[in-house]
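Let me begin by presenting the structure, written as structure tokens, before commenting on it.
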Amino acid sequence: MFPAAAAVKKGARVEVMRTQVAIVGAGPAGLVLAHLLSRTGIDCVVLEARSQQYVEQRVRAGVLEHPTVQLLCDTGVGRRLQEEGLSHRGIRLRFDGADHLLDFVALIGRSITVYGQQEVVKDLIEARLAAGGPVFFEVGGVRLSGLDTDEPEVAFTGGDGVERILRAEVVAGCDGFHGVCRPSVPTRHLQVFEREYPFAWLGILAKAAPVQPEVTYAYSDRGFALASMRSTEISRLYLQVGPDEALDAWPDDRIWEELNARLALDAGFALNEGPVLERGVTTMRSFVVEPMRYGRLFLAGDAAHIVPPTGAKGMNLAVADVAVLAEALERFFATGATDLLDGYSERCLRRVWRAEHFSWWMTSMLHLTPGADAFERRLQLAQLRYVTSSQAAAKSLAENYSGLPYGS
Ligand code: APR
Ligand code: PHB
């Protein structure tokens with residue numbers, strides 16, 4: 001137990017705690033932030049609405065950019081990632097009945113790593129608990145107050161039913177798109193930028209060995225499909241579906257048939273099929289809020305921005321935000337200087353908007369827009385042929401996909 005995080009007043013009804021940074025949310029953003037802060041001796045408390053088991057099992061995306069891998073390895077939470085993660089030289093774009101490898105290592109000297117987000121979360125929770133850092137799981141009724149003062153507070157009910165107040169110097173809003181932190185900011189202080197897409201992804205996790213050696217994005221007349229993996233035994237596969245698609249409409253046979261049809265190659269292709277372990281539908285949205293700060297509240301990850309999953313950027317952006325925030329907080333707590341905290345939002349938003357553009361661009365290039373005419377389809381094909389034949393265009397895709405440096 002960190003001394004500064006210990007309860008300072010135990011009343012009959014409310015327990016008051018103190019910390020330097022209150023972190024709301026134990027997804028990648030909250031957990032990486034807690035990890036980076038504790039390495040520099042900054043005290044923090046993490047509050048998470050779900051159970052530990054739930055956050056460790058929640059199936060999400062699984063491509064780590066080069067800078068994400070570097071950060072996790074450099075800070076001592078990359079052991080399992082290096083042992084079990086699949087290092088890939090690049091990705092494949094499949095169209096016109098053929099595969100086109102974009103070899104990032106040959107193009108720009110950088111690889112990507114396929115490693116499930118929930119595995120990253122497990123590694124970070126293990127590190128946090130081993131360091132004795134508090135994580136309160138299954139909290140309820142989280143309320144933020146005093147955000148425009150130097151003493152913000154987070155009130156919550158613990159999983160044990162005890163009412164608590166966490167007094168902090170800074171609150172990190174890492175509670176995802178549907179969390180409470182962003183809505184705690186008076187709306188006049190935030191500007192929202194948003195796009196919804198007229199399609200969604202149906203994703204499955206299957207006990208079936210992946211056939212394709214790299215993550216493969218397929219453009220077809222039947223709609224987009226993506227063939228990814230989690231290990232040499234587990235496939236992760238996605239199909240473009242309607243925005244309000246009912247899962248009931250997709251029995252296993254139909255899913256496999258449609259995946260095979262969209263992933264077809266002139267030379268022949270068939271997925272290995274196996275039991276479906278998990279399935280779900282993901283809506284597609286681009287969303288950014290500006291600024292990513294209100295007083296002593298700093299928003300990070302999905303709480304501040306969402307990308308459609310086509311560029312595999314969600315988790316990577318969350319990690320990039322908190323890397324910037326951790327550096328700013330370190331300076332603030334060491335010297336009292338607020339310059340880096342004051343620059344946090346602007347510095348993050350430059351990279352966020354680059355990733356927003358890349359994710360929107362990949363999405364627009366690869367999906368079948370309902371009602372799209374032949375003109376739009378020809379433009380998409382022209383773009384696909386360009387990025388797979390021009391070195392300059394391929395390099396641009398490669399550097400965006402494998403991750404631009406932080407602060408760029
Ligand atoms: N109080 C406490 N915790 C909350 C609350 C709340 N009121 N509301 C939400 N949470 C928790 C969620 O249960 C979740 O565990 O906040 C966490 C937010 O984690 P993520 O949604 O994973 O968001 P983030 O850490 O920003 O990571 C972004 O995760 O959502 C994916 O695709 C996204 O890959 C991206 C990455
Ligand atoms: C995944 O493996 O889950 C995955 C891969 C690439 C994406 C999105 C998700 O663009």
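In each ligand, atom 1 is the first atom listed, and ligand 1 is the first ligand listed.
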Under a 4.0 Å heavy-atom cut-off, which residues neighbour ligand 1?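 Near ligand 1, by chain and number: Val24, Gly25, Ala26, Gly27, Pro28, Ala29, Leu47, Glu48, Ala49, Arg50, Val55, Arg58, Arg60, Gln117, Val142, Cys174, Asp175, Gly176, Gly179, Val180, Gly301, Asp302, Gly314, Met315, Ala318.
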Answer with yes or no after comparing the ring centroid distance for Phe287 and Phe177 against a 6.0 Å cut-off, counting only values under it. yes
Taking heavy atoms and a distance under 4.0 Å, where does Val114 meet ligand 2: side chain, backbone, both or neither? neither
[Y]/[X] salt bridge by N-O under 4.0 Å criterion:
| X | Y | answer |
| --- | --- | --- |
| Arg18 | Glu151 | no |
| Asp252 | Arg279 | yes |
| Arg262 | Glu258 | yes |

How far is [atom] from its nearest protein heavy atom, and which residue and atom name does that atom have?
| atom | value |
| --- | --- |
| atom 4 (C) of ligand 2 | Tyr238 CE1, 3.9 Å |
| atom 2 (O) of ligand 2 | Ser228 OG, 2.6 Å |
| atom 1 (C) of ligand 2 | Arg230 NH2, 3.4 Å |

Looking at [X], which atoms of ligand 2 are within less than 4.0 Å of one of its heavy atoms?
| X | value |
| --- | --- |
| Trp201 | 8 (C) |
| Tyr217 | 6 (C), 7 (C), 10 (O) |
| Pro309 | 7 (C), 8 (C), 10 (O) |
| Val63 | 5 (C), 6 (C) |

Geometry only, no angles: is Tyr401 polar-contacting ligand 2 at N/O separations under 3.5 Å? no
Looking at every non-hydrogen atom in both residues, tell me the closest pair between Met315 and Val63 and how far apart they are.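 Closest pair (atom of Met315, atom of Val63, distance): CE-O, 4.4 Å.
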Please list, one pair per line, the donor and acceptor atoms closer than 3.5 Å that link side chains of residues 363-372 to other protein atoms, with sequence neighbours excluded.
unit_1: Thr363; atom_1: OG1; unit_2: Thr310; atom_2: OG1; d: 2.8
unit_1: Thr363; atom_1: OG1; unit_2: Ser359; atom_2: O; d: 2.5
unit_1: Ser364; atom_1: OG; unit_2: Trp360; atom_2: O; d: 2.6
unit_1: His367; atom_1: ND1; unit_2: Thr363; atom_2: O; d: 2.9
unit_1: His367; atom_1: NE2; unit_2: Trp201; atom_2: NE1; d: 2.9
unit_1: Thr369; atom_1: OG1; unit_2: Glu376; atom_2: OE2; d: 2.9

Any donor-acceptor pair under 3.5 Å from Ser220 side chain to Gly223 backbone: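 Yes; at least one donor-acceptor contact below 3.5 Å.
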Going through the checks in order, is the side-chain hydrogen bond (donor to acceptor under 3.5 Å, both in side chains) test met by Thr40 and Glu330? CA-CA 7 Å; Thr40 55; Glu330 197 181 335; 4.7 Å; no
Among Glu126, Gln118, Glu119, find the one that has a side-chain hydrogen bond (donor to acceptor under 3.5 Å, both in side chains) with Lys122. Glu119
Counting neighbours of CG on Asp221 that are heavy atoms of other residues, nucleotides or ligands and sit closer than 6.0 Å, is the number greater than 12? no
